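Just below is one structure, and these are the notes that go with it.
Counting begins at 1 with the first residue of the sequence. Just so it is clear, the model here is predicted, and its values are computed rather than measured.
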Amino acid sequence: MITENTKLDDFKPAYPLERLAPPTQVLFLDIETTGFTAKSSVLYMIGCAYYEEDGMYIKQWMAETYEQEKEVLHAFFDFASRFEYLVHFNGNNFDLPYLLQKCEQYGMPYNFDNHKGIDLYKRISPYKSFLRLPNCKQKTIEQYLGIKREDIFSGGELIGIYHDYVQQPDELACAALLLHNFEDIFGMLNILPVLSYYDIFNGELKAKKVQANYYTDHIGNRRQELIMTMLLPSPLPVPLSVAVGECYFKGEGELAHIKVPIYEEELKYFYTNYKDYYYLPIEDVALHKSVATFVDKAHRLQATAATCYTRKYSLYLPEWEPIMTPFFKRDYKSKELFFELTDELKRDRPAFAAYAKHILEMMCQA
């Protein structure tokens, strides 16, 4: 079995490890196999990255023969026992189940019961469309962040190289196998800044500045928009611009600007307890029966869910779920929701921070 332990001189992750867990308790993990099923393939390498007080290290165990995969497993689990957190890329679906199946195959008593898992793929994949990524493969994220590799082989291509190496050991083949795993691990460290986009949705947004702006649209109409300048939880490694409908996000570094239209019009607030109201057709409004009882019966009707409303002309902001109440609509069957931009709300920075996150979640799901 070959064991390599490489110190990453002068390397410091661009995303702070302490945001994941205590750095000395974090172990990054990636495995290399000759197939997807543990019973019919060979585990030929496990690579790890870990933090010591003097810097980051990458440790690799490689089986020089098929029989040495047991030694690789023993060495890895013995080393991993000192760590509390396992960080991986899609390891929940492959690496961890594969390792457990190999342990079961050999009757080894190892498991991950004392480890907490952090799957980078699982954290970033929900935001694939927001980032305009074609997929969430590690190499795709590396390309998005401008990370370059020396390794020229894919994992599939290395399977044949490993089988040839077992039959006839060769330094160049060994170097290619180790390099691929090394760059998978090193790449995992280098893509950590992509978690800054995860932090947008799961960290704390702060409204630094909120202002209304007038502009002229493409057909010459004078319109209003709300511009929120937000302080992001983590600086973005790559500037990002996203437009969904009339909403717009632009993030760069530690700041983001979110634009959303302001509507100045008359909207309706619908009462839910319509059985307690009369509808007055001439006035086009609903009044509670305790008041409307004094209205001539000829000028009032029992309110229905669709006619039990009051009207108000004001400034409104859109929302896609009723996070701000009361919410208004244009008509009873309309799916569009709005809330009033009141003077009190204009001074409520935490409310705008919550609203900004609401907009971003809508844009992410679009």
Report task. Taking D30 for its side chain and G47 for its backbone only, find out whether a donor-acceptor pair lies under 3.5 Å. Result -> no
Requested in this report: Of all the heavy-atom pairs spanning Y85 and P22, show the shortest one and how long it is.
Outcome: CE1-CD, 4.0 Å
Query raised in the report: Looking at the rings of Y121 and F89, which for Trp means the six-membered one, are their centres under 6.0 Å apart?
Result: yes
Report task. Scan residues 145-155 for pairs that pass salt bridge (charged side-chain N to carboxylate O under 4.0 Å, His left out), counting only residues two or more places apart or in two chains. Result -> E142-R149, R149-D151, R149-D184
Query raised in the report: Taking the inter-plane angle between the rings of Y269 and Y271 on a 0 to 90° scale, is it parallel (under 30°), tilted (30 to 60°) or perpendicular (over 60°)?
Result: perpendicular
Query raised in the report: Would you say T325's side chain and F327's backbone share a donor-acceptor pair under 3.5 angstrom?
Result: no
Query raised in the report: Parallel, tilted or perpendicular: which fits the ring planes of W320 and H358, with parallel below 30° and perpendicular above 60°?
Result: tilted
Requested in this report: Mind running salt bridge (Lys or Arg N to Asp or Glu O under 4.0 Å) on K102 and E69 for me, showing each step along the way?
Outcome: CA-CA 9 Å; K102 277 295 179 184; E69 68 175 355; 3.1 Å; yes
Query raised in the report: Are F328 and F339 joined in one hydrophobic group, where the rule is that I, L, V, M, F, W and Y side chains link up if heavy atoms are under 4.5 Å apart?
Result: no
Query raised in the report: Are a donor atom and an acceptor atom from the side chains of Y44 and N181 found within less than 3.5 Å of each other?
Result: no
Requested in this report: Compute whether any side-chain donor of one residue and acceptor of the other, for Y66 and H163, lie under 3.5 angstrom apart.
Outcome: yes
Query raised in the report: Hey, which of L178, I31, I2, T33 is the one that makes side-chain contact (heavy atoms from CB on, under 4.5 Å) with M45?
Result: L178
Query raised in the report: Within the distance-only criterion (no hydrogens, no angle test), does the side chain of S196 pair as donor or acceptor with the backbone N or O of P235 below 3.5 angstrom?
Result: yes
Requested in this report: Could you tell me if the ring centre of F79 sits under 6.0 Å from that of F83?
Outcome: yes
Query - Donor-acceptor pair between Y127 and N202 side chains, under 3.5 angstrom - result: yes
Report task. Kindly give the heavy-atom pair with the smallest separation between V87 and L20, and that separation in Å. Result -> CG2-CD1, 4.4 Å
Query - Flag for Y279-D284: side-chain donor and acceptor within less than 3.5 Å - result: yes
Query - Qualifying salt bridge (charged side-chain N to carboxylate O under 4.0 Å, His left out) pairs, either residue in residues 77-93, two or more places apart - result: E52-R82, E84-K116
Requested in this report: Tell me yes or no: between the side chains of Y98 and S41, is some donor less than 3.5 Å from an acceptor?
Outcome: yes
Report task. State whether Y214 and R222 meet the cation-pi test: NZ (Lys) or CZ (Arg) under 6.0 Å from the six-membered ring centroid, and within 45° of the perpendicular axis. Result -> yes
Report task. Report yes if some heavy atom in the side chain of F77 is under 4.5 Å from a heavy atom in the side chain of F112; otherwise report no. Result -> yes
**Report entry** Ring-face cation of K250 near Y248 (centre distance under 6.0 Å, axis angle within 45°)
**Finding:** no
**Report entry** Ring centroid separation Y332 to F270 under 6.0 Å
**Finding:** yes
Query raised in the report: Is there a side-chain contact between L205 and L231 (heavy atoms, below 4.5 Å)?
Result: no
Query raised in the report: Considering residues at least two apart in sequence or located in another chain, which fulfil the salt bridge (Lys or Arg N to Asp or Glu O under 4.0 Å) criterion with K128?
Result: none
Query raised in the report: For S40, does its backbone N or O pair with a side-chain atom of T37 as donor and acceptor, under 3.5 Å?
Result: no
Query - salt bridge (charged side-chain N to carboxylate O under 4.0 Å, His left out): pairs with one or both residues in residues 344-366, sequence neighbours excluded - result: D343-K346
Query - Non-neighbouring partners of D54 that pass salt bridge (Lys or Arg N to Asp or Glu O under 4.0 Å), sequence neighbours left out - result: K7
Report task. Please determine which of E266, E264, E340 meets the salt bridge (charged side-chain N to carboxylate O under 4.0 Å, His left out) test together with K312. Result -> E340
Query raised in the report: Measuring from F11:CZ to T6:OG1, what's the distance to the nearest 0.5 Å?
Result: 13.5 Å
Requested in this report: May I ask you to decide if the ring planes of F249 and F130 are parallel, tilted or perpendicular, using 30° and 60° as cut-offs?
Outcome: tilted
Requested in this report: Tell me whether the guanidinium CZ or amine NZ of R300 lies under 6.0 angstrom from the six-membered ring centre of Y278 and within 45° of its axis.
Outcome: yes
Report task. Answer yes or no: is there a donor N or O on one side and an acceptor on the other, between the side chain of Q224 and the main chain of Y215, under 3.5 Å? Result -> no
**Report entry** Quiz item: cation-pi between R330 and Y263, 6.0 Å / 45°
**Finding:** yes
**Report entry** Least distance between heavy atoms, L133 atom then I141 atom
**Finding:** CD1-CG1, 4.4 Å
Report summary line: Here the gap from I46 atom CD1 to L73 atom CG, rounded to the nearest 0.5 Å, amounts to 5.5 Å
Query - Sequence neighbours excluded, every pair satisfying salt bridge (charged side-chain N to carboxylate O under 4.0 Å, His left out) that has a member inside residues 202-216 - result: none
Query - Geometric class of the F338/Y316 ring pair [parallel <30°, tilted 30-60°, perpendicular >60°] - result: perpendicular
Requested in this report: Would you check, one step at a time, whether the test side-chain contact (heavy atoms from CB on, under 4.5 Å) holds for L280 with L287?
Outcome: CA-CA 8 Å; L280 311 185; L287 289 179; 3.4 Å; yes
Requested in this report: Taking S129 for its side chain and R132 for its backbone only, find out whether a donor-acceptor pair lies under 3.5 Å.
Outcome: no
Query raised in the report: For the hydrophobic clusters of this structure (ILVMFWY residues joined by side-chain heavy atoms under 4.5 Å, transitively), does one cluster hold both Y57 and Y15?
Result: no
